[in-house]
Amino acid sequence: MKIFYISLLIIVANLISLSPNSLYAQTEPKKDSYYLDYKGESTKFALMVGNTRRFTGALSLAKRMQIKKNNYQYSILVYGELAKALAKDENLLPQIAEAKKLGINIYVCEVALSYFNIPKEELDSRLQTTPDVWLKFFKLKDEGYNTLNL
């Protein structure tokens, strides 16, 4: 009998932890909490990314910050494997299109392109190149951008 009550208590505790509110929070953010309400003074942001997962994250952040609506300047600086992926992976074309629609500048490192033997001409025309992405990163920081290396 004691085992029955303990088992019942465990089941009830699990059911309480799976309330509709907690399930909703785990599957989809509330509509009013999806957008980030940035309160800082700067309106310029630059994120350095080296892989497709982080590229997707940088794009998602831009959408959540509503950069177009808020008139923010937003740049994504690309190095490493992502430079190769942007040149070779057609699955990234919709993300490039979305970034351009939002007004995001995407800079691809020419050093990375050279490392992977990819001519600049193979890049999508919506992408820009920079001789060295780190120097571009530092320059944007000097120009007042909030910078983050993901």
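Sequence positions, counted from 1, serve as the residue numbers for this chain. Computation of the quantities below employed the complete heavy-atom set of this structure, encompassing side-chain atoms and omitting hydrogens, waters and symmetry-equivalent molecules.
Contact detail for A83 and A112: the closest heavy-atom pair is CB-CB, 3.7 Å. Of all non-hydrogen atoms in C109 and D132, the two that sit nearest each other are SG-CA, 4.1 Å.
At a threshold of 4.5 Å between side-chain heavy atoms, the hydrophobic network of Ile, Leu, Val, Met, Phe, Trp and Tyr places Y79 and L123 in two separate groups. Both L113 and I76 are members of a single hydrophobic cluster when ILVMFWY side chains are connected at heavy-atom separations under 4.5 Å. Criterion: ILVMFWY side-chain heavy atoms under 4.5 Å apart, direct or through other members. Under it, F45 and M48 are not part of a common hydrophobic cluster. Taken together through direct or relayed side-chain contacts under 4.5 Å among Ile, Leu, Val, Met, Phe, Trp and Tyr, I118 and V133 form parts of separate hydrophobic clusters.
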Under 3.5 Å, which donor-acceptor pairs link side chains of residues 134-150 to any protein atom two or more places apart or in another chain?
unit_1 : atom_1 : unit_2 : atom_2 : d
Y145   : OH     : Q73    : OE1    : 2.9
N146   : ND2    : S42    : OG     : 3.4

Please tabulate, one pair per line, all N/O donor-acceptor pairs under 3.5 Å involving side-chain atoms of residues 85-102, not counting sequence neighbours.
unit_1 : atom_1 : unit_2 : atom_2 : d
K88    : NZ     : E122   : OE1    : 2.9
D89    : OD1    : N91    : N      : 2.9
D89    : OD1    : N91    : ND2    : 3.3
Q95    : NE2    : T56    : OG1    : 2.9
E98    : OE2    : K63    : NZ     : 3.1
K100   : NZ     : I104   : O      : 3.1

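Listed by first then second residue, pairs satisfying salt bridge (Lys or Arg N to Asp or Glu O under 4.0 Å) with a partner in residues 104-119 read E110-K120, not counting sequence neighbours. Residue pairs meeting the ring pair (Phe, Tyr, Trp, His ring centres under 6.0 Å) criterion with at least one member in residues 97-127: none, sequence neighbours excluded.
Other residues, nucleotides and ligands place no more than 12 heavy atoms under 6.0 Å from the NZ atom of K84.
Applying the side chain to side chain donor-acceptor pair (under 3.5 Å) rule to E81 yields no partners; only residues at least two apart in sequence or on another chain are considered. When the salt bridge (Lys or Arg N to Asp or Glu O under 4.0 Å) test is applied to R126, the partners found at least two apart in sequence or on another chain are D124.
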Checking L127 against V78 for the side chain to side chain contact (heavy atoms under 4.5 Å, CB included) test, could you report, in this order, the C-alpha distance in whole Å, the side-chain angles of both residues, the deciding distance, and whether it holds?
CA-CA 10 Å; L127 302 174; V78 174; over 6 Å; no
- Query: Are T130 and L77 close enough, and set up right, to give a side chain to side chain contact (heavy atoms under 4.5 Å, CB included), and what steps lead you there?
  - Reply: CA-CA 9 Å; T130 184; L77 292 83; 5.7 Å; no
